[in-house]
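Here the structure is a predicted model, which means the values were calculated and not measured.
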Amino acid sequence: MPIIDPRTGEPLTSPQDGNTNASQANAGTQDASQYIVDVDISNFQQVVLEGSMQGPVLLDSWASWCEPCKNLMPVLEKLAREYGGAFTLAKLNIEDNQEIATQLGIRSVPDVKLIVQGQLYDQFQGALPESQIREWLSQYLKAPEAAEATPEEKAQQALEAGDAATARGIYETLVKEWPEHYDYQIELAGALVAEGNAADARALLDNLPPEHRDTPKARGVRARLEFGEEAPSAEEVAALGERDDSEAQFKRALRQVADGQYEAGLDGLMALMKADRAYGDDIARTTLLRVFDALGADHPLTVAYRRKMFALLY
């Protein structure tokens, strides 16, 4: 598998196996010890420096006392197996190899360096979650065709299938493994909202560090939480019967948004905004903005309905 220069889109190295697909197909049968290697003074030159002349080397510097290292290493090993030898994962214990660590300028661990043709091509410090490492690698290596779904993708699939409990379990595990990756705590709060556990979701959001409480993602989860609390019950909506006045339209739209029927809810709010801007002190428009916050700026519905709202306004 060739390594790709993100600046030009051209391969930096030639495929050693002559066929990328063949390399991936053999990933399950290859001996992982060929591309997951512990390095020290005896083999560093051969594996890292000379090896990087043949293909990319990911050098993971770690220490036994480093808790983030213990979370990161299994992720890197998983990816090395998945890529099936497209890169070599070289693991350096800095406690036992302080001279090498000093020469490399390693001041904290985990420290991950991408070595190509004997040169440092890119690096990152700290234990990044799997999804971020995949994104980082994808800048330089073509991803395997049959890549396994990430935990985040599995959680999203569960939410889309209405299985909030499974999504919650996945995010609870991620929060334990990556306690300083606060997006996971926000996603866990979202799963709790979907599961109907508003109290725990609110507590989780309230206990975020101040700089994370007002991020777009956190505001979105809080908006979904508030919609669930503000919306009339299904029984209240049913009791509206055939009413089509502004109050009835607003209550139906609010219930639809709280139930996750975003497109129907947005349509209802747009119709109310067009027909009766004065209702509730322009509450249809302000509620549309809150729904956009809940969905996120890049969500297709946000993009489409924000455009419709501006067209109606101007």
Which heavy atom of [X] sits nearest a heavy atom of [Y], and at what distance?
{"X": "D60", "Y": "L72", "answer": "OD1-CD2, 4.2 Å"}
{"X": "V221", "Y": "V193", "answer": "CG1-CG2, 4.2 Å"}
{"X": "L141", "Y": "A86", "answer": "CD2-O, 4.3 Å"}
{"X": "R224", "Y": "A294", "answer": "NH1-O, 3.2 Å"}
{"X": "N71", "Y": "P74", "answer": "O-CD, 3.4 Å"}
{"X": "V109", "Y": "S61", "answer": "CG1-O, 3.4 Å"}

Is [Y] close to [X] at the side-chain level, that is, under 4.5 Å between some pair of heavy atoms?
{"X": "T88", "Y": "V47", "answer": "yes"}
{"X": "L289", "Y": "M309", "answer": "yes"}
{"X": "Q256", "Y": "K251", "answer": "no"}
{"X": "Q123", "Y": "L59", "answer": "no"}
{"X": "K113", "Y": "I106", "answer": "yes"}
{"X": "D298", "Y": "V303", "answer": "no"}
{"X": "F87", "Y": "L114", "answer": "no"}
{"X": "L312", "Y": "M273", "answer": "yes"}

(request) Treating Ile, Leu, Val, Met, Phe, Trp and Tyr as nodes and any side-chain heavy-atom pair under 4.5 angstrom as an edge, say whether V57 and I36 lie in one connected cluster. (result)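 Per the 4.5 Å side-chain linkage, V57 and I36 are not co-clustered.
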
(request) Group every Ile, Leu, Val, Met, Phe, Trp and Tyr by side-chain heavy-atom contacts under 4.5 Å, then state whether V48 and L104 land in the same group. (result) yes

Within the 3.5 Å criterion, strictly below it, is a donor on [X] or [Y] matched to an acceptor on the partner's side chain?
{"X": "W62", "Y": "D111", "result": "no"}
{"X": "Q117", "Y": "S52", "result": "no"}
{"X": "Q132", "Y": "E130", "result": "no"}

(request) Give a yes or no on whether a salt bridge exists between R202 and E229, defined as a side-chain N under 4.0 angstrom from a carboxylate O. (result)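 Salt bridge: yes.
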
(message) Regarding R168 and E172, does a basic nitrogen lie under 4.0 Å from an acidic carboxylate oxygen?
(response) yes

(message) For the aromatic rings, using the six-membered ring if either is Trp, is the centroid distance between Y305 and F292 under 6.0 Å?
(response) no

May I ask you to check whether over 12 heavy atoms, not counting those of [X], lie within 6.0 Å of atom [atom1]?
{"X": "D206", "atom1": "CG", "answer": "yes"}
{"X": "K274", "atom1": "NZ", "answer": "no"}
{"X": "Q119", "atom1": "CD", "answer": "no"}
{"X": "D281", "atom1": "CG", "answer": "no"}
{"X": "Q261", "atom1": "CD", "answer": "yes"}
{"X": "E135", "atom1": "CD", "answer": "no"}
{"X": "E211", "atom1": "CD", "answer": "yes"}

[atom2] on [Y] to [atom1] on [X], rounded to 0.5 Å:
{"X": "D245", "Y": "L272", "atom1": "CG", "atom2": "CG", "value": "10.0 Å"}
{"X": "D293", "Y": "E226", "atom1": "CG", "atom2": "CD", "value": "10.0 Å"}
{"X": "Y262", "Y": "L295", "atom1": "OH", "atom2": "CG", "value": "6.0 Å"}
{"X": "L76", "Y": "R81", "atom1": "CG", "atom2": "CZ", "value": "11.0 Å"}
{"X": "R252", "Y": "D267", "atom1": "CZ", "atom2": "CG", "value": "14.5 Å"}
{"X": "R277", "Y": "S246", "atom1": "CZ", "atom2": "OG", "value": "13.0 Å"}

(request) Could you walk me through whether L313 and R285 pass the side chain to side chain contact (heavy atoms under 4.5 Å, CB included) test, one step at a time? (result) CA-CA 10 Å; L313 287 170; R285 181 185 63 83; 4.1 Å; yes

Going by atom type alone, with no hydrogens or angles, which donor-acceptor pairs under 3.5 Å involve a side-chain atom of residues 175-192 and a protein atom two or more places apart or on another chain?
{"unit_1": "Y184", "atom_1": "OH", "unit_2": "E152", "atom_2": "OE2", "d": "2.4"}
{"unit_1": "Q185", "atom_1": "NE2", "unit_2": "P179", "atom_2": "O", "d": "3.2"}
{"unit_1": "E187", "atom_1": "OE2", "unit_2": "K217", "atom_2": "NZ", "d": "3.2"}

(request) Check the pair R255 / E235 against salt bridge (charged side-chain N to carboxylate O under 4.0 Å, His left out), numbers first and verdict last. (result) CA-CA 11 Å; R255 183 68 258 167; E235 292 75 18; over 6 Å; no

Short side-chain to backbone donor-acceptor contact, [X] and [Y], under 3.5 Å:
{"X": "N207", "Y": "A203", "value": "yes"}
{"X": "E95", "Y": "S64", "value": "yes"}
{"X": "E195", "Y": "A164", "value": "no"}
{"X": "N43", "Y": "D38", "value": "yes"}

(request) Using the side chain to side chain contact (heavy atoms under 4.5 Å, CB included) rule, take K91 and E77 through it: C-alpha gap first, then chi angles, then the decisive distance, then the call. (result) CA-CA 10 Å; K91 303 184 295 182; E77 291 177 347; 2.7 Å; yes

(request) Among V39, I94, L92, find the one that has a side chain to side chain contact (heavy atoms under 4.5 Å, CB included) with I100. (result) L92

(request) Applying side chain to side chain contact (heavy atoms under 4.5 Å, CB included) between V291 and each of L254, T302, L301, L266, report the one that passes. (result) L266

(request) Please test N97 against F44 for side chain to side chain contact (heavy atoms under 4.5 Å, CB included), starting from the C-alpha separation and ending with a verdict. (result) CA-CA 10 Å; N97 299 278; F44 188 87; over 6 Å; no

(request) Could you go through the side chain to side chain contact (heavy atoms under 4.5 Å, CB included) check for L205 and R213 one step at a time? (result) CA-CA 6 Å; L205 293 172; R213 287 178 202 158; over 6 Å; no

(message) Check the orientation of Y140 and W136. Use parallel for under 30°, tilted for 30 to 60°, and perpendicular for over 60°.
(response) perpendicular

